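Right, one structure below, let's go through it.
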There are 4 protein chains.
Amino acid sequence: MTEQAALRAPRQDNRRRQLLAAAARRFAHQGFRATTIRDIAGDAGMLPGSLYYHFASKNDLLLAVYEEGVRRIAANVDRAAAGAADPWARLEAACTAHLETVLDRSDYAQVIVRVLPQDAQKVSDRLIALRDEYEGRFVRLVDDLALPNPSDRRNLRLLLLGALNWSQVWYRPAGDTPSAIARQFTRYFRRALERPEEVR
Amino acid sequence: MTEQAALRAPRQDNRRRQLLAAAARRFAHQGFRATTIRDIAGDAGMLPGSLYYHFASKNDLLLAVYEEGVRRIAANVDRAAAGAADPWARLEAACTAHLETVLDRSDYAQVIVRVLPQDAQKVSDRLIALRDEYEGRFVRLVDDLALPNPSDRRNLRLLLLGALNWSQVWYRPAGDTPSAIARQFTRYFRRALERPEEVR
Amino acid sequence: MTEQAALRAPRQDNRRRQLLAAAARRFAHQGFRATTIRDIAGDAGMLPGSLYYHFASKNDLLLAVYEEGVRRIAANVDRAAAGAADPWARLEAACTAHLETVLDRSDYAQVIVRVLPQDAQKVSDRLIALRDEYEGRFVRLVDDLALPNPSDRRNLRLLLLGALNWSQVWYRPAGDTPSAIARQFTRYFRRALERPEEVR
Amino acid sequence: MTEQAALRAPRQDNRRRQLLAAAARRFAHQGFRATTIRDIAGDAGMLPGSLYYHFASKNDLLLAVYEEGVRRIAANVDRAAAGAADPWARLEAACTAHLETVLDRSDYAQVIVRVLPQDAQKVSDRLIALRDEYEGRFVRLVDDLALPNPSDRRNLRLLLLGALNWSQVWYRPAGDTPSAIARQFTRYFRRALERPEEVR
DNA sequence: CATGAATGAGCCTTCATTCAT
DNA sequence: AATGAATGAAGGCTCATTCAT
């Protein structure tokens, strides 16, 4: 990259990115409705009206945050999964990456978990599609496991992801790390799955 | 109590109850911020201003809904647990009662799961206290289990309750019943706990 | 009417009427888009938000002004027409009443002439219907004339009403009175109509 | 003029002309206030800010459109009048040219009829002057008529022009052509004027 | 008990305009 | 000549809340 390009090109994108980051932070911490355009613009050092040069509406801003969130968490999860040898290791790596991203590394990703699509009626379809696209990964990861009782798949996936996502409610940085939590949860999950239920 | 009071008191209580029920329904289905005082008053057949005769603020209304929600779900859970013989059966019965109440039987209880305390800053402490009081039951239920590895307790409780609560996000009346979900989840949970982890 | 009723009943209606009057005045003098809710509320001595207790939107306010305008001008025109003996006298009386109402007596009526339905997209259909309903009177008044050449009717009606309505653009209180203008215009109109065109 | 200027000047003029044409079209069809600088710049393929290189303000744009409108309609009317032999034919030709230009041939001219000077406070004086200058033609055309009753002149001119201008409100391309309307109206006008009023 | 009426703060958004580049 | 980016004032509207009656 020439020095000129380094100085000029990113300018526009920078402001947009700043706004997006501010929006992600606010949406993740306060929720969608409790966040005002003034908050976001203020965080990025501009006036409310100026934000509309970069985004058409608050809904569109949420959509953009969702998109970035999916991009990031999906990239982390895919990278982590790709580095693992067998299906179980792959799932564990994916879950760890998922939870680390949500809890620690990305306001964007946290928004996907925290803000419900219904909060932005006009773009809710697209938000749902983004969520679904992302979660498809876990459908496939669970499908790859060799399970004694394959019909457990759906329920167990919902249990695992639900437990991970809910941790956002009780998680405190002072306790276990996100990756420790994810690892624990996945191991319990494995124990529950690997052998058929005993007769009681 | 004079006769007059006998006639009047329950009337007043009725209106309050109607408002509370309307608030619970709205908060459960739309969330706290998306619900207006107008919605709630309208559902109870009165005007917004009239609501303030019964409740001091929207926050107070939420607090009252939370209180009623805890009262109901705790009653259901306690009753279910009391009818079971051993610790594992007790936990399963409690979880089933918990999920049935949240998903099917009580808007009040659903509010506890759906509406975050931070949505009502001024009463958030009390909302948190109510949540904690209720969840204490599960701490005790899990403590009663005879586990090979007692240090799993906290994590496993968080996993189980988180998975149950998150089901509110994906639950559809057309699929498995709440009690079926709860039973399944608890059984997986049991399988994961009863046997010590193998060496891998 | 009892004194109590005199004091209490009209209260609500009074404020609504004040707002309507203020809106009519502003719309008539500044046009629809140039008038702000703040202007109108301010004229009625209240805050912008308070207006919405009485009217659901700015469009609805315009609709209400139109309705009142049609009611008033129609009443004036009908009364005037009813007092005249023959068709020509009836038309002249109606035109005089029309123009007097528009120019002198009613901001409401002036709004019908000045504000185009397209200015309020969401209610434009109803605005057009109101205009049409009113103008139907003139269709009938012209139909009642005994004309040598009946096919002139439509064009001549459009000419007469157009000329009257356009006077709003050049009319100044210092010059001819509205009724003088209307009388003059109607007489020219009559002269143009009563005998078939001569060969030139 | 240097060759460079010869090449450049018209380019600049082109862009200005494009903007003017876009503004005229928008103002004629949507009105002044409903048209945004964005609309106009967009129609000319540029961004809002760029427009300000060519025009100092939205008001100035309107003024320029008015000027061009007067230039065009005046040219049409003058040419038409010049081709007619006697005063009545001259008036009829002028009216036909006026209405054709307004309804069919020029967005610029339509703006003069549709957009009220008060819509642009800061230039309203000049807008009024332009209107007056143009209408002077009709004062003269009517003055040239030999009338039994000369005092009718002003009123009849206002009636005729008003009726013509108002046709913009009800005119639909599917019905009579503008020139047919203008011819009809002028003939009625002539009939009304040529004979003294009878005693009634 | 309830209502009618209003408040006031704040919300999202629009838009003419500016200006460095 | 034109753009990108921002401004700032204003606009329509919402909503929890108040209070005299």
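Residue numbers start from 1 in every chain, and the chains themselves are labelled A, B, ... in the order their sequence lines are given, proteins ahead of strands. Only a predicted model underlies this, so the values are computations on that prediction, with no experimental measurement involved.
- Residue-to-nucleotide proximity on DNA chain F shows that, of D:Ser50 and A:Leu47, the 5′-proximal contact is made by D:Ser50.
- Comparing C:Gly49 and A:Ala56 against DNA chain E, the residue whose closest nucleotide sits nearer the 5' end is C:Gly49.
- Scanning for ring pair (Phe, Tyr, Trp, His ring centres under 6.0 Å) contacts around D:Tyr108 gives an empty result, with sequence neighbours left out.
- With sequence neighbours excluded, the residues that form a salt bridge (charged side-chain N to carboxylate O under 4.0 Å, His left out) with C:Asp43 are C:Arg26.
- Taking A:Tyr52 as the reference, A:Ile37 meet the side chain to side chain contact (heavy atoms under 4.5 Å, CB included) condition, with sequence neighbours excluded.
- With sequence neighbours left out, the side chain to side chain contact (heavy atoms under 4.5 Å, CB included) criterion links C:Pro117 to C:Tyr66, C:Ser124, C:Leu127, C:Ile128, C:Arg131.
- Applying the side chain to side chain contact (heavy atoms under 4.5 Å, CB included) rule to C:Val70 yields the partners C:Ile112, C:Leu130, C:Glu133, C:Tyr134; only residues at least two apart in sequence or on another chain are considered.
- The shortest distance between the side-chain N/O atoms of D:Arg15 and the OP1/OP2 oxygens of F:dA1 is not below 4.0 Å.
- Nearer to the 5' terminus of DNA chain F, by closest-nucleotide assignment, is the contact made by C:Ala34 (compared with the other of B:Phe32 and C:Ala34).
- Under the salt bridge (charged side-chain N to carboxylate O under 4.0 Å, His left out) criterion, B:Arg114 pairs with no residue, sequence neighbours left out.
- At a non-hydrogen distance threshold of 4.0 Å, A:Thr36, A:Ile37, A:Arg38 from residues 36-46 of chain A come into contact with DNA chain E.
- For the segment residues 116-126 of chain A, no residue has any heavy atom less than 4.0 angstrom from an atom of DNA chain E.
- Contact between the side-chain N/O atoms of C:Tyr53 and the OP1/OP2 oxygens of E:dA5 is found at a separation under 4.0 Å.
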Quick one: the dot-bracket string of DNA chain E, using Watson-Crick and G-U wobble pairs with both distances under 3.5 Å, [ ] for crossing pairs and | for bases paired to another strand.
-> .||||||||||||||||||||
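- Atom CZ in D:Arg26 sits roughly 12 Å away from atom P in E:dA16 (whole-Å rounding).
- By the side chain to side chain donor-acceptor pair (under 3.5 Å) test, B:Glu67 is found to be paired with no residue, residues two or more places apart in sequence or in another chain being considered.
- Scanning for side chain to side chain donor-acceptor pair (under 3.5 Å) contacts around C:Asn59 gives an empty result, with sequence neighbours left out.
- Listed pair C:His54 / E:dG4 fails the phosphate criterion, with no side-chain N or O lying under 4.0 Å from OP1 or OP2.
- Considering only residues two or more places apart in sequence or on other chains, B:Ala34 meets the side chain to side chain contact (heavy atoms under 4.5 Å, CB included) condition with A:Arg33, B:Gln30.
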